[in-house]
Undergrad: 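Supplied in structure tokens, the structure appears directly below.
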Amino acid sequence: MLRREGEVNDDLAAAALLHDCGKMAADGRISLWTRGPLVLLEALFPQVAARLARPEPAGVWRHTLWVQQEHAAIGAEWARQVGCSEDACWLIARHQDVLPPQRLDEAERLTLLRRLQQADSRN
């Protein structure tokens, strides 16, 4: 889809392929059936979701909630560890951010991020 809408540089291509890889930290527990309730909990009760989430894998559902919330940062770090560029990692880390008004120093990155978010929302 990104290629249909314009040029895709290497950073955007890498981010498009890897943006959700951090969800693997939940050992496959973020499925279609669990993702819906997790997203609803975060949307309706964000403070409760933040309070319940735990990075320790001992509490399986709490850890799964934490991974859902932190998967972008986890994925960006994993991408950095395997040699992805700084821009690709930046896109992965921020693929779910609410976009601010464009600043001139980040105009190109934010344009790529908008394209990544649009493509991700259509899946």
Side-chain angles (χ1 to χ4, degrees):
M1 190 206 78
L2 287 170
R3 285 195 173 118
R4 280 195 310 260
E5 293 182 359
E7 186 178 328
V8 178
N9 69 22
D10 291 344
D11 297 324
L12 182 56
L17 292 172
L18 299 174
H19 69 277
D20 279 340
C21 72
K23 290 181 181 180
M24 294 305 297
D27 296 325
R29 289 186 301 269
I30 299 178
S31 67
L32 177 62
W33 299 108
T34 56
R35 188 173 187 280
L38 293 175
V39 170
L40 285 174
L41 177 62
E42 288 178 301
L44 298 174
F45 306 103
Q47 293 86 4
V48 173
R51 201 168 47 248
L52 292 174
R54 294 282 182 269
E56 305 84 26
V60 173
W61 71 270
R62 287 178 169 216
H63 179 68
T64 303
L65 178 59
W66 178 81
V67 170
Q68 171 68 21
Q69 293 171 351
E70 298 297 322
H71 79 276
I74 295 166
E77 180 54 31
W78 288 353
R80 187 172 288 106
Q81 289 174 9
V82 298
C84 286
S85 73
E86 197 55 40
D87 282 345
C89 295
W90 185 90
L91 288 166
I92 293 167
R94 288 163 182 79
H95 79 272
Q96 292 191 313
D97 287 4
V98 174
L99 294 176
Q102 259 183 317
R103 293 184 353 211
L104 290 178
D105 61 328
E106 292 188 336
E108 183 178 349
R109 277 184 164 179
L110 290 176
T111 297
L112 294 176
L113 183 56
R114 279 187 177 85
R115 291 185 64 203
L116 175 61
Q117 288 179 341
Q118 288 170 346
D120 187 38
S121 70
R122 293 183 185 161
N123 284 337

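Start at 1 with the first residue, then count along the sequence. Side chains are part of it too, since the values below use all heavy atoms of this structure and drop only hydrogens, waters and symmetry mates.
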Undergrad: Is the shortest heavy-atom distance from the side chain of Gln68 to the side chain of Val39 under 4.5 Å?
TA: yes
Undergrad: If you define the side chain from C-beta out and look only at heavy atoms, does anything of Gln117 sit under 4.5 Å from Leu113?
TA: yes
Undergrad: Taking only residues two or more places apart in sequence, or in another chain, which ones meet Asp20 in a salt bridge (Lys or Arg N to Asp or Glu O under 4.0 Å)?
TA: Lys23
Undergrad: How far does CE of Met1 sit from CD of Gln118, to the nearest 0.5 angstrom?
TA: 6.5 Å
Undergrad: Considering residues at least two apart in sequence or located in another chain, which fulfil the salt bridge (Lys or Arg N to Asp or Glu O under 4.0 Å) criterion with Glu7?
TA: none
Undergrad: Taking all non-hydrogen atoms of both residues into account, name the closest pair between Ile92 and Ala76 and its distance.
TA: CG2-N, 3.5 Å
Undergrad: Sequence neighbours left out, what passes side-chain hydrogen bond (donor to acceptor under 3.5 Å, both in side chains) with Arg115? Give chain and number order.
TA: none
Undergrad: If hydrophobic clusters are built from ILVMFWY residues whose side chains come within less than 4.5 Å, do Ile30 and Ile74 share one?
TA: yes
Undergrad: Under the rule for side-chain hydrogen bond (donor to acceptor under 3.5 Å, both in side chains), what residues qualify as partners of Glu77, not counting sequence neighbours?
TA: Arg80, Gln81
Undergrad: Of all the heavy-atom pairs spanning Ala88 and Ala14, show the shortest one and how long it is.
TA: CB-CB, 4.1 Å
Undergrad: For a quick test of reading the model, state the closest non-hydrogen atom pair linking Val67 to Gly22 and the distance between them.
TA: CG1-O, 3.6 Å
Undergrad: Applying ring pair (Phe, Tyr, Trp, His ring centres under 6.0 Å) as the test, list every pair that has at least one member in residues 29-67; sequence neighbours left out.
TA: His63-Trp66
Undergrad: NE2 of His19 to CG of Leu116: how many Å apart, nearest 0.5 Å?
TA: 6.0 Å
Undergrad: Side chains of residues 46-56: which donor-acceptor partners sit under 3.5 Å, not counting sequence neighbours?
TA:
from: Arg54; atom 1: NH1; to: Arg51; atom 2: O; distance (Å): 2.9

Undergrad: Suppose we screen for salt bridge (Lys or Arg N to Asp or Glu O under 4.0 Å). Which residues come up paired with Arg109, at least two apart in sequence or across chains?
TA: Asp87
Undergrad: The criterion is side chain to side chain contact (heavy atoms under 4.5 Å, CB included); which residues satisfy it with Met24, sequence neighbours excluded?
TA: Trp78
Undergrad: Of all residues at least two apart in sequence or in a different chain, which pass the side chain to side chain contact (heavy atoms under 4.5 Å, CB included) check with Ala72?
TA: His95
Undergrad: To the nearest 0.5 Å, how far apart are CG in Asn9 and CD in Glu108?
TA: 7.0 Å
Undergrad: Tell me, please, which residues at least two apart from Asp10 pass side chain to side chain contact (heavy atoms under 4.5 Å, CB included).
TA: none
Undergrad: Residues in ring-ring contact (aromatic ring centres under 6.0 Å, His included) with Trp90, at least two apart?
TA: none
Undergrad: Any chance you could measure Leu65, atom CG, to Arg29, atom CZ, to the nearest 0.5 Å?
TA: 11.5 Å
Undergrad: Going from CZ on Arg3 to CG on Leu12, what distance comes out if it is rounded to the nearest 0.5 angstrom?
TA: 9.5 Å
